[in-house]
Amino acid sequence: MSLLSRITGPADLKSLPATTLRALAQEIRMFLIDKVSGLGGHLGSNLGVVELTIAVHRVFASPRDVLLFDTGHQAYVHKILTGRCAEYDSLRQVDGLSGYPSQAESVHDLIENSHASTALCYADGLAKAFALRGRADRRVVAIVGDGALTGGMCWEALNNLGVASDRPIIIVLNDNGRSYSPTVGGLARHLAELRQGEVHRHTLFEDLGLAYLGPVDGHDIAELESALRRAGELHRPVVVHCVTRKGRGYPPAEQDDTDHLHTVGVIDPGTGQPRCVGRPTWTSVFAQEITAIGGERDDIVCVTAAMLHPTGLSKFAARFPDRVFDVGIAEQHAVTSAAGLAIGGLRPVVALYSTFASRAFDQLLLDVALHRLPVTVVLDRAGITGPDGPSHHGMWDASVLPVVPGLRLAAPRDCTRLRELLREALDVTDGPTVIRYPKAAVGPDIPAVSRIGLCDILRDEPAAVGLLIGVGALAAPCLAAADELAAHDVPVTVIDPRWVAPLDPTLLTLAGRHRLVLTVEDTITTGALGARIAQALAAAGSDTCAATFALPPRFLPHATRDQILHAHGLDGAGIATAVLKRLASTHRGKSTAKEIP
């Protein structure tokens with residue numbers, strides 16, 4: 001009987017003799033490699049925290065003691081040790097195990113954190129709450145990566161914890177020198193000095209008012225347990241500095257200089273290589289084009305927040321190392337720093353995941369747009385991202401960003417339009433521009449029949465009974481829907497607005513010529529392009545029925561991108577059905593503009 005098969009919860013782990021723990025760690029690593037290589041997920045980051053997570057669960061008593069993971073992608077081992085081994089065949093699948101902590105799965109998962117640098121703030125509040133409610137028996141343990149520690153929220157929390165000597169919070173610093181890429185900045189240098197024994201004074205943490213223990217070998221369970229017990233006995237905020245190696249125990253991950261197989265698709269477990277050769281992605285097309293533009297214009301500079309490789313800036317950085325700036329997990333700083341670059345006469349491009357851009361909304365609004373600065377923000381993973389779930393879907397930006405005065409927002413439908421719109425954005429000199437695209441392989445180019453104003457006409461039906469407005473990558477399913485509708489003798493015209501905000505007057509003119517206008521988008525219905533078109537048409541007194549066919553304004557679970565789009569009718573068949581339903585409604589005299597549920 002394997003050791004792992006005996007673990008149904010933390011109590012079973014505590015009962016194991018210390019002499020068996022090394023073998024248990026090896027079993028867990030083999031289990032992770034087997035399951036994640038077959039399904040995809042966060043591999044390297046979890047291989048590096050096996051011993052650390054074992055020690056945390058042996059010293060503390062979850063769920064009485066609260067364990068917070070920052071970020072939550074390093075919680076796979078935690079899930080194994082809290083009785084979820086049998087569910088790993090469903091990892092990141094529909095209705096299956098989440099790739100992040102999930103309250104619905106276990107009492108051991110208190111927060112569903114998958115945006116970095118939040119755990120210390122949660123910990124501060126929880127410790128205060130426990131004190132006020134007389135629960136001195138409950139301890140708060142935050143497992144924080146050194147990459148996450150570069151984020152501003154961590155430093156705001158440390159600033160408060162440094163003067164809260166009665167707040168028993170244990171900060172387990174998982175220091176592997178990386179987030180995706182190597183950790184950058186003064187903190188990274190300080191941690192490196194601590195790892196190398198070069199600090200002969202107080203550490204930065206002690207100067208702030210926290211206790212410090214370490215550095216500790218993050219792969220030595222006995223040493224970890226000893227340090228964690230000492231930390232718990234201090235009854236005050238304390239940093240336990242644990243040095244780990246990302247990808248530990250799996251040669252393909254250890255030897256991967258890019259990100260130590262931080263996250264993988266389906267791979268060959270023997271080699272760590274992808275099972276299938278992928279097609280070009282939106283990210284790879286952006287990577288090629290921004291590098292080409294950088295060769296043409298020496299004023300182009302790029303900024304990213306610890307996502308150099310995932311956002312496609314590696315090629316640019318290799319060719320123009322002095323013109324790319326990785327600021328760590330600090331989206332707010334990234335955008336306002338870009339504002340400074342623009343004021344200084346350069347043309348900055350900020351590459352972020354859409355889901356993380358929400359952190360920098362204030363900076364985009366008041367530091368960039370208020371000053372009418374030419375900063376371009378490129379939003380990767382916009383719309384539905386798939387198996388990473390609700391915290392990573394980029395389904396908010398296209399509904400929120402249009403409120404920013406002077407901001408121009410573009411959504412390309414194919415490779416050629418991405419290149420074209422990127423160049424158009426970089427020619428804007430009087431305000432911010434944003435380009436959004438999904439996490440997906442890029443399909444074939446979709447040629448336009450003609451261009452009117454800023455809009456591309458993709459299918460022109462002189463006798464059209466309706467107008468389909470396909471935003472970005474949803475132009476292709478709109479064309480598929482048009483083919484299906486034609487088979488029902490329901491001709492529709494299909495257009496791509498290219499620029500989603502502000503509203504192009506030509507777009508409104510085209511919409512006003514049709515009895516039905518259906519805007520198809522991978523954002524939430526609230527504030528979507530369709531809603532803004534409907535509002536503008538109503539204000540103009542138009543009797544056009546304008547409807548929005550988009551995502552519901554709620555958090556959506558994990559599944560593949562195609563599965564989620566299909567579930568919400570955002571594929572060819574679903575769009576065709578929506579048009580027929582809406583036309584039937586207008587025939588019955590129900591021509592009010594509204595969202596389609």
Side-chain angles (χ1 to χ4, degrees), residues 398-399 401-403 405-411 413 417 421 446 448-472 474-475 477-479 481-486 488-550 569-570 575-597:
S399 293
L401 293 179
V403 307
L407 181 141
R408 297 169 174 87
L409 173 63
R413 67 179 180 271
R417 255 45 62 177
L421 288 166
I446 302 172
V449 175
S450 62
R451 179 168 293 176
I452 302 177
L454 299 175
C455 303
D456 278 352
I457 311 300
L458 306 182
R459 181 183 181 125
D460 193 4
E461 293 282 0
V465 298
L467 176 67
L468 280 179
I469 302 174
V471 177
L474 295 188
C478 282
L479 287 170
D483 288 339
E484 185 169 336
L485 290 165
H488 290 83
D489 295 322
V490 180
V492 294
T493 290
V494 181
I495 68 172
D496 169 15
R498 296 174 62 253
W499 289 95
V500 179
L503 282 176
D504 177 9
T506 304
L507 178 60
L508 294 177
T509 300
L510 290 168
R513 294 174 182 169
H514 294 81
R515 178 156 51 97
L516 170 67
V517 174
L518 183 64
T519 307
V520 183
E521 317 174 56
D522 59 350
T523 186
I524 59 169
T525 51
T526 309
L529 173 62
R532 289 181 284 121
I533 290 174
Q535 183 179 21
L537 289 173
S542 172
D543 60 358
T544 295
C545 174
T548 303
F549 198 29
L570 293 171
I575 296 165
T577 300
V579 171
L580 294 172
K581 286 173 58 179
R582 184 57 58 184
L583 285 172
S585 295
T586 58
H587 280 307
R588 293 193 298 268
K590 301 176 182 178
S591 58
T592 54
K594 63 180 182 178
E595 301 164 358
I596 293 178

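Considering only residues two or more places apart in sequence or on other chains, D460 meets the side chain to side chain contact (heavy atoms under 4.5 Å, CB included) condition with I457, T493. In this structure, the side-chain hydrogen bond (donor to acceptor under 3.5 Å, both in side chains) partners of R498, at least two apart in sequence or on a different chain, are E420, E424.
For the pair T506 (side chain) and I452 (backbone), a donor-acceptor distance under 3.5 Å is absent. With hydrogens and angles ignored, the 3.5 Å screen pairs a side-chain donor or acceptor of E521 with a backbone N or O of L529. No side-chain donor-acceptor contact under 3.5 Å links R408 to the backbone of V500. Side chain of S542 to main chain of T544: a donor-acceptor pair is present (N/O by atom type, distance under 3.5 Å, no hydrogens or angles). With S399 contributing its side chain and I524 its backbone, the two residues share a donor-acceptor pair below 3.5 Å. Between the side chain of D496 and the main chain of A475, no donor-acceptor pair closer than 3.5 Å is present. Put simply, the side chain of R413 gets close to the backbone of I446: a donor and an acceptor are under 3.5 Å apart.
In this structure, L507 and I533 approach most closely via the heavy-atom pair CD2-CD1, 3.9 Å. Of all heavy-atom pairs spanning A463 and P491, the tightest one is O-CG, 3.5 Å. In terms of heavy atoms, L421 sits closest to A411 at CD1-C, 4.1 Å. Of all non-hydrogen atoms in A536 and L503, the two that sit nearest each other are CB-CD1, 4.0 Å.
The SG atom of C545 lies 8.5 Å from the CG atom of L583; values are rounded to the nearest 0.5 Å. Between the CG atom of L485 and the CG atom of L580 there is a distance of 5.0 Å, given to the nearest 0.5 Å. Rounding to the nearest 0.5 Å gives a distance of 9.0 Å between OG1 of T519 and CG of L468. Atom CZ in R532 sits 10.0 Å away from atom CG in L508 (nearest 0.5 Å). Distance check, rounded to the nearest 0.5 Å: OG1 of T525 to CZ of F549 gives 11.5 Å. The distance from the CZ atom of R582 to the CZ atom of R515 is 12.5 Å, given to the nearest 0.5 Å.
Looking only at side-chain heavy atoms (C-beta outward), P402 and L407 stay at 4.5 Å or farther from each other. Contact annotation: the side chain of V471 approaches that of P497 to within less than 4.5 Å [non-hydrogen atoms, C-beta and beyond]. In this structure, L510 and I495 have side chains that are in contact, with non-hydrogen atoms separated by less than 4.5 Å. The side-chain heavy atoms of R513 and L467, taken from C-beta on, include no pair separated by under 4.5 Å.
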Run L518 and I469 through side-chain contact (heavy atoms from CB on, under 4.5 Å) and show every step you take.
CA-CA 6 Å; L518 183 64; I469 302 174; over 6 Å; no
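Salt bridge annotation for R459-D483: present, with a cationic side-chain nitrogen under 4.0 angstrom from a carboxylate oxygen.
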